[in-house]
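Here the structure comes first, spelled out in structure tokens, and everything after it is commentary.
Values below: every heavy atom of this structure, side chains too, minus hydrogens, waters and symmetry copies.
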Amino acid sequence: MAFGQASGAGKGTRGAAETIGVNLPAVSDWSATPVYVDLVHQARRFGSPDAPWDEAAAIGADGWPSGDFGIFLMTGQFRVSGTAGTYAVRFRGKAEIGVVASNARVVRLSYDATSDRSTAEVVVAEGADQLALKFTRTRGGIKDLQVIRPGYSVESPPLFTRALLDHLAPFSTLRFMDWLATNHDSGSRDWGTRPTPSRVRHASQAGVPWEHVIALANLTGKDIWINVPVRADDDYVRQLARLLKSTLRPASRIYVEYSNELWNGGYPQFQVNAEAARREVSADPRSPLAYDGTTDAQVLAFRRVAHRLKRISDIFRAEYGDAAMMRTVRPVLAGQVVQPHVLEVGLSFIDAVYGPPARFFYAVAGAPYFNLGPAQTADRLTVGDVIRAMDTSIGDLAVVNAFEKNRALASWYGLHWMAYEGGADTFGPGSIAAKAAAQMDPRIESLCLRYLRLWREAGGELFMWYTAGAGQWNSRFGAYELTDDLANAEAPKLRCLEKAMVNATPAARAPNVAPGSFAAGTHVGRAAGAEPGVLRHLHAGQHVDYLVLAEQAGDYAPTLLAEAAQPGNRIAIAVNNAPVSAEVELPASGWGASWPQPMPRLQLNAGFNTVRLTTRAETSGFILHRITLGR
């Protein structure tokens, strides 16, 4: 694809720090990212004393074991810095403590009968991979168990580790999709059953409490990107908005997304949304989802995503007020970047039924990963093979991920264009060791920088890398994390993001610039790799869009160079979803000859614009050669 470059539009002189955020890795006992100071928060469900991994302990109504039990606190930690050391154990009640399948020992166990409190220390040896404990002779269980990491106050331990806070410091925005267990369809429908800080554990399919999301944002001073559970009712959303307004630092911006990847049939929330759309239309054939009479289940499901986000936006507006919308509260409609049709269905529905989507949404977003292409699951790849495959994927990025179409959709509706996820995708079986080793290869840094540069040049804005933290990278589930250990600040992907945040924003690029003249064949959606040429066979009622990069805001004079055998062919032109600016009849030049047709002036924004040509009337047809946008 040949791209022209505007001489001034899109250039930035400031750093790009605010354009890079990160997704947070899920909280679990096997994570290589130390999130909580108290290991109990990230532990598995309580199990049998000698087999804590079976998660079979009897649990009381308060969430604590009602008898003897075991607990699996962490595993897969042999490469995680800071694992070894002395952990402080505190709980209410009396018990004997033992170590299960762990290179550790219990010392200084004591019990205070007056306060009914027990204390102990667990010394974890260097090179230990895991920690599991058993509590026996408990007299009906224990309560308020804490296992505090080495180096923290036992009396008043902080919630989050220093390693986590230091790791997140450079990034502008944190996305909590995995923290909130969004992909498990276990988020509460009503506010009263949501996870709360008083819950015993947070490493579960229910997700962490909203209060912990807010606490991390307040500690770090970050903006947040949140995912409203797919089943959440209006009161849930209202209570969430009130909690955020009353406790989140006022300077933090809130990007609000409805669930996650509701277009993705691999997640349970896809079916929840699709079924909700079906039920709504079945119960009320006059539902806005079926305003035009469609019965297409997929269209109805995609419309419901936009419809529900619109309702969420309305609720936040009622709580925060008009002035905060799109400033502090920023609803984001997420779709499938490689299939812009998903977003198009939702946006056109909102536009037709409720008016301009920019009233309700701040941005659209997708997930423009780079990967290994055809070699994604190949066996016996070398590290060099992986690097070369990723390099090829980045070269194809703009076409495969439909950058131009996504940017044009955003511009047409007056929305920002963001990435809710993105980065290096190595998911899948095959060559797992080579994929992992490639993440630490110095060449990844330059690939990553090129990748982010292409995103910005195409008009991409806030980019949420998937994912922050450290990973073990020894399975088919991919090597997504930024580093192999939070203590390793020299990991190539981490260095890449740090550089991307201080580099000047690159100049925006688009196939068509204004002022300028461009071939009529350079419209959005042309065949990949097609040479710019003429536009033929745009029949009555059909339209094409042109992504145009304007050097500065102002009015521009369009001229169409066309040929037509007969009079009566009429074309309308519109910009950025505004009413039609002009409609003209093309001169009858005869086939083989072309004539310029001036049109009334258009108003363009500085930066990206979407110019739409629509055939209003057709006689013998026409061929459009060039479009000129002059000052």
Q) Would you say the side chain of L262 lies within less than 4.5 Å of the side chain of F302, judging by non-hydrogen atoms? A) no
Q. Do I444 and I387 come close enough that some side-chain heavy atom pair is under 4.5 Å?
A. yes
Q: Run the salt-bridge test on R388 and D385 with the 4.0 Å N-O cut-off and return the result as yes or no.
A: yes
Q. So do V544 and R526 actually touch side chain to side chain, heavy atoms under 4.5 Å?
A. no
Q | R456 versus T19, side-chain donor and acceptor atoms under 3.5 Å | A | yes
Q.
Please report the interatomic distance CE(M326) to CG(L415), rounded to the nearest 0.5 Å.
A. 8.5 Å
Q: Indicate whether any N or O donor in one side chain lies under 3.5 Å from an N or O acceptor in the other, for D178 and Y466.
A: yes
Q: Using the ring of Y152 (Phe, Tyr or Trp, six-membered ring only), decide whether R162 places NZ or CZ under 6.0 Å from its centre and within 45 degrees of its axis.
A: yes
Q | Cationic N near anionic O, under 4.0 Å, R407 to E461 | A | yes
Q.
Restricting to non-hydrogen atoms, name the atom on S431 and the atom on A378 that form the minimum distance, rounded to 0.1 Å.
A. OG-O, 2.6 Å
Q) Mind checking whether R175 and N260 have side chains closer than 4.5 Å, heavy atoms only? A) yes
Q. Just by distance, do the side chain of K435 and the backbone of G428 share a donor-acceptor pair under 3.5 Å?
A. yes
Q. Considering all heavy atoms of both residues, which atom of W225 and which atom of A365 are nearest to each other, and what is their separation?
A. CH2-CB, 4.2 Å
**Q.** Heavy-atom side-chain contact between Q376 and D425 under 4.5 Å
**A.** yes
Q. So, for N23 and Y420, which heavy atoms are closest and what is the spacing to 0.1 Å?
A. ND2-O, 3.1 Å
**Q.** Heavy-atom closest contact (G384 atom, R443 atom, distance)
**A.** CA-NH2, 4.1 Å
Q: Flag the pair Q472 / V80 as yes when at least one side-chain heavy-atom distance between them is below 4.5 Å, and no otherwise.
A: yes
(Q) Less than 4.5 Å apart, side chain to side chain, heavy atoms only: is that true for V230 and Y267? (A) no
**Q.** Separation between CE of M74 and CH2 of W30, rounded to the nearest 0.5 Å
**A.** 15.0 Å
**Q.** Qualifying residue, where the test is side chain to side chain contact (heavy atoms under 4.5 Å, CB included) with I20 and the options are T173, L462, L452
**A.** L452
(Q) Regarding W473 and E481, do their side chains bring together a donor and an acceptor under 3.5 Å, going by distance alone? (A) yes
Q: Of all the heavy-atom pairs spanning E445 and C496, show the shortest one and how long it is.
A: O-CB, 3.9 Å
Q: Without swapping roles, check the side chain of S393 against the backbone of G373 for a donor-acceptor pair under 3.5 Å.
A: no
Q: Compute whether any side-chain donor of one residue and acceptor of the other, for D485 and S81, lie under 3.5 angstrom apart.
A: yes
Q | Gap separating the CD1 atom of I224 from the CG atom of L216, nearest 0.5 angstrom | A | 9.5 Å
Q | M390/T426 under side chain to side chain contact (heavy atoms under 4.5 Å, CB included): CA gap, chis, key distance, verdict | A | CA-CA 9 Å; M390 287 185 164; T426 60; 3.4 Å; yes
Q) Taking only residues two or more places apart in sequence, or in another chain, which ones meet F176 in a ring-ring contact (aromatic ring centres under 6.0 Å, His included)? A) W179
Q. If you measure from CZ on R201 to OH on Y36, what distance do you get to the nearest 0.5 Å?
A. 11.5 Å
Q) To the nearest 0.5 Å, how far apart are CZ in R495 and OG in S446? A) 10.0 Å
**Q.** Working for side chain to side chain contact (heavy atoms under 4.5 Å, CB included), residues T75 and R44
**A.** CA-CA 10 Å; T75 189; R44 298 186 203 181; 3.6 Å; yes
Q. Atom CG in N512, atom CZ in F608: separation rounded to 0.5 Å?
A. 11.0 Å
Q.
Can a side-chain donor-acceptor contact be found between R79 and N474 if the only test is distance below 3.5 angstrom?
A. no
Q.
If I compare all heavy atoms of L547 with all of A408, which pair ends up nearest, and what's the gap?
A. CD1-CA, 3.9 Å
Q: Would you indicate whether the side-chain heavy atoms of E55 and F72 approach each other to under 4.5 Å?
A: no
Q: Would you please indicate if the ring centroids of Y451 and F463 are separated by under 6.0 Å?
A: yes
